[in-house]
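In what follows, chains are A, B, ... by sequence order, proteins preceding strands, each numbered from 1.
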Number of protein chains: 2
Amino acid sequence: MFSGMQGDDDIPGIGQYEDFHTIDWQRDIARDRMRHRYIVKKRQDSIWDLIKGAHDAWSGWVCVLLVGVATGIVAGVIDIGASWMTDLKFGICPAAFWFNREQCCWSDTNTTFDSGNCSQWLTWPQVFGDRGDGAGAYIISYLFYILWALIFAALSASLVRMFAPYACGSGIPEIKTILSGFIIRGYLGKWTLIIKVVGLILSVSSGLSLGKEGPMVHIASCLGNILSYLFPKYGRNEAKKREILSAAAAAGVSVAFGAPIGGVLFSLEEVSYYFPLKTLWRSFFCALIAAFILRSINPFGNEHSVLFFVEYNKPWIFFELIPFVGLGIIGGCIATIFIKANIYWCRYRKYSKLGQYPVTEVLVVTLITAILAYPNPYTRMNTSELIYLLFNQCGISNSDPLCDYNRNFTDANSAIEKAAAGAGVYRAIWLLVLALVFKLVVTIFTFGIKVPCGLFIPSLALGAIAGRIVGIGVEQMAYTYPKIWLFSGECSTGDDCITPGLYAMVGAAAVLGGVTRMTVSLVVIMFELTGGVRYIVPLMAAAMASKWVGDALGRQGIYDAHIALNGYPFLDSKDEFQHTSLAADVMQPKRNETLSVITQDSMTVDDVETLLKETEHNGYPVVVSKESQYLVGFVLRRDLNLAIANARRTIEGITGQSVVIFAGNVAPPPGPPPYLQLSRILDMAPITVTDQTPMETVVDMFRKLGLRQTLVTHNGRLLGVITKKDVLRHVKHMDNEDPSSVMFN
Amino acid sequence: MFSGMQGDDDIPGIGQYEDFHTIDWQRDIARDRMRHRYIVKKRQDSIWDLIKGAHDAWSGWVCVLLVGVATGIVAGVIDIGASWMTDLKFGICPAAFWFNREQCCWSDTNTTFDSGNCSQWLTWPQVFGDRGDGAGAYIISYLFYILWALIFAALSASLVRMFAPYACGSGIPEIKTILSGFIIRGYLGKWTLIIKVVGLILSVSSGLSLGKEGPMVHIASCLGNILSYLFPKYGRNEAKKREILSAAAAAGVSVAFGAPIGGVLFSLEEVSYYFPLKTLWRSFFCALIAAFILRSINPFGNEHSVLFFVEYNKPWIFFELIPFVGLGIIGGCIATIFIKANIYWCRYRKYSKLGQYPVTEVLVVTLITAILAYPNPYTRMNTSELIYLLFNQCGISNSDPLCDYNRNFTDANSAIEKAAAGAGVYRAIWLLVLALVFKLVVTIFTFGIKVPCGLFIPSLALGAIAGRIVGIGVEQMAYTYPKIWLFSGECSTGDDCITPGLYAMVGAAAVLGGVTRMTVSLVVIMFELTGGVRYIVPLMAAAMASKWVGDALGRQGIYDAHIALNGYPFLDSKDEFQHTSLAADVMQPKRNETLSVITQDSMTVDDVETLLKETEHNGYPVVVSKESQYLVGFVLRRDLNLAIANARRTIEGITGQSVVIFAGNVAPPPGPPPYLQLSRILDMAPITVTDQTPMETVVDMFRKLGLRQTLVTHNGRLLGVITKKDVLRHVKHMDNEDPSSVMFN
């Protein structure tokens, strides 16, 4: 098998793939093993070879180190840039225009930061001399808000359209597809990286309902791809490169949420396809380095690397599991509405004229978002800040209307007493309901427009709003009816026993879980956000309820739905293959067609070239002879083309009448023209199955062994070929979907 | 393929395995799929079938829920029992003899617990009226200590010897082997469970240098195995059962360390072989439930479910990475010494007369341990308490000599100042050095004796001692030379900048990492112990250094070494197959031997029975005919025996001359005696490879597809068979080890 691999150096281009092709993991891994053995053998020859050997052994670690460092730095740049530009919508720091509001106010020692403003920081009305609080100032602020939003969005959309169309969206569906072994040239390239970073800062700042967490995974993967080219072991081997990409995806989540363990589990559970356990350790290292670098850059000016780090000081009570599961169900429903509506809209965009005006669409969505968002303080603020506000518990220092309870804080250290909600809370609830509806509708139209946009943050925000409302409801019930049995245990003392902030967090986990169908990684990410094992059970209960509700209402998570919508050739490793077909039902050719084969020692160069011209298969089985179709091996179209061209160039006397010989042990035909020996490009160990093999076994082999095709035999005789494309089409066909929607070459 | 599966209900025993056999994952999973399809189809028939279908869908979750609850309860029982019996060596609570010292002193409100004693609790000298502190009391205590230790150890060893020999040791090597698809009947049975629980309490209490954490994994797996029989879906399908066992292993680690996420990663990384991602979520649930139940039982009377929960209030400083990596190197060396010496001693035990006197050996080890341990306070105390003491930072309430610094605590809230070590610290260091040497030597002889014993705790203790000593050294250097550049940054103020307790923790991780070669799961477990992301980087640095040193000095971790020593047929999924052999080199038969095959339609029952008698293979390829050996399918010896016996019993007229027919489409031979149609037990889709397939691909297929055997063909013609045994023997052979040491049927 793979005896042709030795020819890698002779025939240029062999072992590479074309765009939109699927990779052959077995072949690539075999190539890497061969390379490794060669290095190990040469290591004894000289000091220089020893150093090269050591470099080779270390290169995986060095590469993920570089990826981690680069991801941390880029994440810091994005955080700082987005924070500055978001504040630019509201005002400017004349003393140092490159400061955001928080930094500007740090340099001013005279004010408390609580009000959000300080004398150093000028809002736009103040810049223009209107220092009042009247309608004029409001209108100026409103207009500047909309103006900046449109400028940022227009810039972002134009950059994406002009320089890197792949930079739009969250990128996670495509990363999943790429990691499953598909080639999309340029998707992880340097232009995509640069435009995605700049566009992400712009689109986040524009106030659109989107997050930077999903695109961080894409950005980290770009960094992984680019840096892997420094190490030929990874850069020139697509299967090995995916080990680096898996680690990079982990680093991306790690910096997005400050959750290195969650990042690794996300990469393992959600993104990666072929995750050898030895890369787990390396991914963890990469994720940790990235988080460490980001924390050193300290973009938020505190010791946490995420904006919404929270700590609660009260345990949850057992009966609260009921509202938590309820939140899970609500979250699952919200998520399902979102997915169905978003997919419907994206499909409409794809097949209508709308798709031809991406920049216009972005501008319209931005304009509507900005106009509607500004009046409501909860939608006007940065979504991350909103989530942080909702996650927080009310304390002495919290002045938001959400914390307007009828209680007196006399001592900062005393326990928070139970209290009736004040007018501010009720007003806040109405505003939050409006914000929930607004965000849900706007996010449906936003996810999919042609700017970099993720949906972790919008999902978290939706869930946090729903959770906070439910939490306040339960809290007020406990205050009003402290005697009923549910509350009588822990809530009978004067202390507040319900933390609405925890409900917000549980709700956030529920919606995010419903949208993405993440499970373990979601719980671990949320756990790392709060830094306490204590709340894992509530989070898990809500995530489970949400996932089950989501699975019952609609089969796919948002990423899988987008993969299907775009027709990416993704063979899900989590879905069970449900049908009872046999290999014979799926293989090509169907009845009445003939299989294109090459014989091992009786076809001429002309015959082979005619076959290559007349058919479009990516590879051809080699058999003993036309009459006795016993399988000898498999040869790839690409290799065949290259080898024949190479032979014509380098071997004298090769003509169209030269016999092509694949077997090593066949007597060469005598006399001119000289025969063409191609056994080096013949894969003598193709994977075969019998025609009676059930398709679930075949699918299992495709997934686990990373096959590109398998040959079907009956009693040793070759019957046909099953390619990954055939499998994907068959799955689509059995699921009553259009098989031709699979994008594949 | 697996068409024979439909015969499951007809022919009793088909689909089961014999002891010390390896399972066929593909076959078992196919059986489960078939069963699942049947249930889904029947679900529409009646309400009762619908309920049965729902029960089937839920049974996995219910099963892991039960396993989690049972594991939590059993862990609570073990913790409470071991704590009581450990204290029994020192004294008794006359008011309520079932109280341990801590509980006894709780009931006594007059004393502080700091001194460790109170008026309610009587030490043995006090029981016998000697209330002094003199030599007499010391000797009485000493003798009682030794006496109880011997009683406990003798009981434990006798119970294991008499009732459940499989209950000895940590069980992790065997669990790894079982999860990789091997059958060891009784290893996870109810007797093993009961004796392991009782024996574990006794052996932990006896003061031997062993821990209860490893055996907890075995105990949890026993619970998983026993409870899986409540659900035929899992109990009657060995492949599916292993999903429950993986979850149970996670629950075992979860309760041992109070680390549910660490438990799941341990199960994923270290123990499990075939870990479909959908079981990740279920394992996590199981681990979490177990931790939750244990915390509700609250065996330690605090809010944490582990004895050595610690929190540090100081960050680490960047330069400290140097001593941390140093600790990693020291840890790797200690671990290597331990592994090599332990394996040497275990091999000696195995092949010498020593192995015949297990109870005597236990008693001798216990006696020596007790005599040497008592005089040194650090070895006299419970090892978990020692670890807790070493992990802790010195504060105002800590009265141990380890905290005898020349500093005055005036205010409990003030920062701890830098201070010179007092005489107590220096004395403690000497005692710790002695304890380190003693524990290392004694653990080498302890791990492997015939009582339940784990080595997480001894490893952690070794590392914690080494780490604390290094930590105190660094701390004193920082105190003595505050001006040198390393310390000048963070250590220039009066506050103490070095936490020796953190060094102890890092050292513990290093030794445990070196011994077990755990990586991610180790770091996550230690992280969950401390509850802070802050110390992940030091832990990771030490764990990496330790693993690399360990890998450089000796290839295997302790579990893999014990697997090899015992000859378990474990095909490591992490090791790369390094050699260049081809399938043709490994397959049976070798040159000059003939392959035992069955023809599809020309052998009589007598022929088949002769073949079964004369050969001992577990299965036979079925070919077209003797002359044209093209592969038709594969039939298992066991199925063949059962099917023929069944046919003779149920079908009239079957004689020795009846022709056995395997193919479905062959014309039956005319006339009496009637032919025997066995196509139902024929696997028509055996996995095949060509003779040119490199062995790394074959090994990959064995691992990933869970094969039991594969057939080797050349140009469609059958050449031979490769079984898992052949692969294991070949690996051993290539590694220059004795191939016949593989225990296998």
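A/M684 and B/T690 get closest at one heavy-atom pair: O-OG1, 2.9 Å.
In this structure, B/K704 NZ and A/M701 CE are separated by 12.0 Å, a value rounded to the nearest 0.5 Å. Taking CG of A/L268 as the start and CG of B/L268 as the end, the distance is 6.0 Å to the nearest 0.5 Å. With rounding to the nearest 0.5 Å, the separation of CG in A/L705 from CZ in B/R703 is 12.5 Å.
Proximity of B/N715 to A/L631: side-chain heavy atoms (C-beta onward) are nowhere separated by under 4.5 Å. Using a 4.5 Å heavy-atom cutoff, the side chains of B/W281 and A/E269 are not in contact. No side-chain heavy atom of A/Y630 sits less than 4.5 Å from a side-chain heavy atom of B/R717. Under the 4.5 Å side-chain criterion, counting only non-hydrogen atoms from C-beta, B/D700 is in contact with A/Q26. Inter-residue side-chain proximity for B/T519 and A/L280 is flagged as unmet; no heavy-atom pair is nearer than 4.5 Å. You'll find the side chain of B/I536 stays beyond 4.5 Å of the side chain of A/F292, heavy atoms only. Between B/W61 and A/M544, the closest side-chain pair of non-hydrogen atoms falls below 4.5 Å.
Of the atoms belonging to A/T688, heavy atoms from both backbone and side chain fall under 4.5 Å from chain B. Looking at A/V624, the atoms closer than 4.5 Å to chain B (heavy atoms on both sides) all sit in the side chain, from C-beta outward. Proximity to chain A (any heavy atom under 4.5 Å) is restricted, for B/L265, to the side chain, taken from C-beta onward. Within the 4.5 angstrom heavy-atom criterion, no atom of A/V623 approaches chain B. When heavy atoms are compared at a cutoff of 4.5 Å, B/V264 does not approach chain A at all. Contacts of B/F284 with chain A are made by both backbone and side-chain atoms, with heavy-atom separations under 4.5 Å. If you measure heavy-atom distances from B/V632 to chain A, the contacts under 4.5 Å come from both the backbone and the side chain.
Among B/S628, B/G633, B/G716, the residue making the largest number of heavy-atom pairs under 4.5 Å with chain A is B/G716. Among B/T713, B/I29, B/T580, the residue with the largest count of heavy-atom pairs under 4.5 Å with chain A is B/T580.
Between A/W548 and B/W58, the gap from one ring centroid to the other is short of 6.0 Å.
Residues passing the side-chain hydrogen bond (donor to acceptor under 3.5 Å, both in side chains) test with A/T279, sequence neighbours excluded: none. Taking the salt bridge (Lys or Arg N to Asp or Glu O under 4.0 Å) definition, one finds that B/R37 meets it with A/E696, sequence neighbours left out.
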